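Not measured: the values here are computed from a predicted model. To find a chain, count down the sequence lines: A is the first, B the second, and so on, and within it residues start at 1. Below, each value reflects all heavy atoms present in this structure, side chains not excepted, and no hydrogens, waters or symmetry copies.
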Amino acid sequence: MRTSHTDRGRGLLLALALLAAAPGPPAFGGDLEAEEYKVKAAFLFNFVKFVDWPEAAFADAYAPVVLAVLGDDPFGDSLDKLQGRTVKGRPVAIRRAASLKALGRFHVLFVSSAERFDLVSVLSAAEAMGALTVGDARGFRKMGGAIELVRSDDRIAFEVNLDAARRARLKISSKLLGLAKVVSGENG
Amino acid sequence: MFPYGCRAGDAGQETSARARLASWVVALFLLVAAAVPASAGGDDLTDLSLESLMQVKVVGASRYEQKLTEAPSYVSVVTREDIQRFGYRNLGAVLRSMPGVYTSFDRGYTYLGVRGFSPPGDFNTRVLLVVDGHRINNNVYDQALLGNEFPIDIDLVERVEFVRGPSSSLYGSNAFFGIVNVITRRGKKLNGVELSGSVASFDTYQGRVSYGQEIQERAEVLVSATAGYSGGQTLVFPEFDDPATHSGVAVGADAERLFSGFAKVVLGDFTVEGVTGYRKKNIPTAYYGTTFNDNRTFVADMASYVDLRYDRVFSGDLELTARLFLDYSSYYGDYAYSTVLQRDYARGAWWGAEFRAQKKWWDRLLGTGGVEYRNSALQEQGTSNYDPPEVVFLDSRRSYVLSGYLQGEFRILPNLLVNAGVRYDYYDTFGGNWSPRVGLIWSPWERTTTKLLYGSAFRVPNVYELYYSDTVSLKANPTLRPETIDTFELVLEQFFDLLGMHWKGTAAGFYYWIGNLIAATPDPVDPGFTAFQNSATIDAYGLELELDGRTKSGLGGRASYSIQWASVRGSGSSLSNAPRSTAKINLFLPIVGNKLSLNPELQYVSSRTTVPGKATEAVAGYALINLTLLSQELAKGLELSASVYNLLGTSYSDPVGNEFVQDAIRQDGMNFRLKATYRF
């Protein structure tokens, strides 16, 4: 009796291990793979290229584009690697803080946590400051966020809330809109 | 010197143990080998066009992080930030800050009370303690170690969730009143070396050294070690105020020592976590009739495990998790009697595997299914005398449980969610048990969520309750059956803005009944003895109210109030150590931005009845104030905190069981801690 238990246990172990070792679904054309927030950081950087802020949003022609993270920062150091790179002739600066007030002036605001119960008012405050709000909490767009990063299978896609962008006086290029999975207002 | 459970004549078993070890090694090797090709992708993702970015496959840990507002439970969360702010010293202190939760301490272990249920003598068997998905409750006493005996330094914890209500539909036995879900920090976030040291009242010192780093793309490591010592207090017990028992003064019998080690390695889709924790506590209370003021009486607990996890998201929104785990836990204690020194001990070893698949269909349906096998290879308990050496009691068992579960989260309307699940556990010792749960989660308005929940959970009697016998007062009872609980809950969550602040209000009403409650009661045949028996049916209902608020500048806090009624069906008698009400207030007040904050905490617990047979009927209610001054980034990487616990010096006591001469054990008066942490 005891022996048979042991054998069954060993069999299970091996089966698990073999299953894990088995190759996953075949990759087509050398698919790139990366961690979720590395990809999302790259998306943030890319959005800057396709969004126009009013002149007044920057102190001068050399002022940086500020990417801000409110609260919990899921990016690790992948955002820091953007620091100092240039986009549309402006350097990129990264800022993190627990409150909007502490963030000062920014152009893109990323809010990660799904648990912020002040999300609706944070988003409307950021919008009033002329920022592009980006987030990945479920329902982010419907709560007034401008761009929601969503998972589509095992890839990242995004949805755009044009009402939010309009209220923030932002112009979003048609190319970006063309790639969006959904383009609508809050209620779409 | 001591007949310590090692038995001769098991040569055959040794061979099979070696074979088992070999198969572990092979399995480990294969798993690690599979991890290697998974790492790919460079740092130059930002050079990609949006179109190409949208083609990058995302790999890594769990995706379906559920919004707490959509979880089929009333969940409380304490984050690492709160642990720093309020100077929480162990997991028990974290939990007792949560709405409706209270703890008791008998100068040995910390016991958790939930929704008016914490009978003295219960070893936290009715909450399931889970660390990073790994079950901690041991396989002899079912005990969840929550005080300083918890095997992980609380500073390594990222967040603690308390999920109220029965969760046997996902977790099986012990998920009776709720789950304590501990999530540890990530090496990547620690990012360097951390040194921490503290000095506290009662001759208490603790130190920790940790290292965490991202080694390369999708590979990170976290290692940490902690050691602590407390000389303890000279305690006065009026119950022993007699010249023969040192006038009730226990000197040097309250010391505590602890060591723990933690390691976590993430490599691609694989995570290996290893934990070991040891805590030895001298017992000054002279319980179980031991000699008063004899510092040979102590308890020591060790909990260790290795957990290997594989997580991968496949195309088609399919996520797979496989786990292999191996646990070893031990307890031993010396009990000094006038005539003999006795050793009581237990050892448990178990291993198992779990397989879970989760799939999402069109944002509408999220299905989870899994199987779990857990084999208790060793469940041993014993009592022996030192001199002359004599085995008083020895019991050794093995058992297994095989389980399967299914859960579906179906979004019927954008604002209406049904969550239903069921789990079947098959015990070779008890047979099968079904645990269902169903919840309806509805958001009538954007900032309002209501939940209507029903769940059923069970707990199988542990080998201590079944087989322990000391031949003097406690009898074994191998005929025990599992106990069950059925819970109904209505939860309302509302977000709102008022007075320039953001608020979240929660109200939860609950009703539960426990059937076949396992409790130590007088033996019907032999009234001189007690035995664990399926005794009473308990009915309880209550209400929990919570209000969280914060301003834009970072000032905030939460307040909660809970009230509950629990009684024994038939007799209508109330339960011991069950306060009618509890209240908590926590505030965080930034003084100089991030650099300095003052964080007061108030806890109120109403009067609690003692166990039947004690001289006093109840202990008085109490209110405590704790205060922590926290400074972060005063110098780069430096964090300093100063805490005063029980600022008002409130005198209060926790009820204890009949193994104590005392009716209740007096708790610490005003005490302090200074702590410094340096990161580089």
For E81(B), is it the side chain, the backbone, both or neither that has a heavy atom under 4.5 Å from a heavy atom of chain A? neither

Would I156(A) and L53(B) count as a side chain to side chain contact (heavy atoms under 4.5 Å, CB included) here? Give the steps. CA-CA 8 Å; I156(A) 304 289; L53(B) 261 182; over 6 Å; no

Counting only non-hydrogen atoms closer than 4.5 Å, does K40(A) touch chain B with its backbone (N, CA, C, O), its side chain (CB onward), both, or neither? neither

Non-hydrogen atoms of chain B under 4.5 Å away: do they reach the side chain of L44(A), the backbone, both or neither? neither

How far apart are the closest heavy atoms of M54(B) and L179(A), and which atoms are they?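 Minimum heavy-atom separation between M54(B) and L179(A): CE-O, 3.4 Å.
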
For R155(A) and Q55(B), which heavy atoms make the closest approach, and how far apart are they? NE-O, 3.0 Å

State which residue, out of L50(B), V56(B), L48(B), fulfils the side chain to side chain contact (heavy atoms under 4.5 Å, CB included) condition with F43(A).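 Only match with F43(A) under side chain to side chain contact (heavy atoms under 4.5 Å, CB included): L50(B).
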
By ring pair (Phe, Tyr, Trp, His ring centres under 6.0 Å), which residues pair with F110(A), not counting sequence neighbours? F75(A)

K595(B) NZ: over 12 foreign heavy atoms closer than 6.0 Å: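 Atom NZ in K595(B) is not packed in, count stays at 12 or less.
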
Evaluate whether atom NZ of K49(A) has more than 12 neighbouring non-hydrogen atoms of other residues, nucleotides or ligands under 6.0 angstrom away.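 More than 12 heavy atoms, drawn from other residues, nucleotides or ligands, come within 6.0 Å of this atom.
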
If you look only at pairs with a residue in residues 53-62 of chain A, which of them pass as a side chain to side chain donor-acceptor pair (under 3.5 Å), with sequence neighbours excluded? none

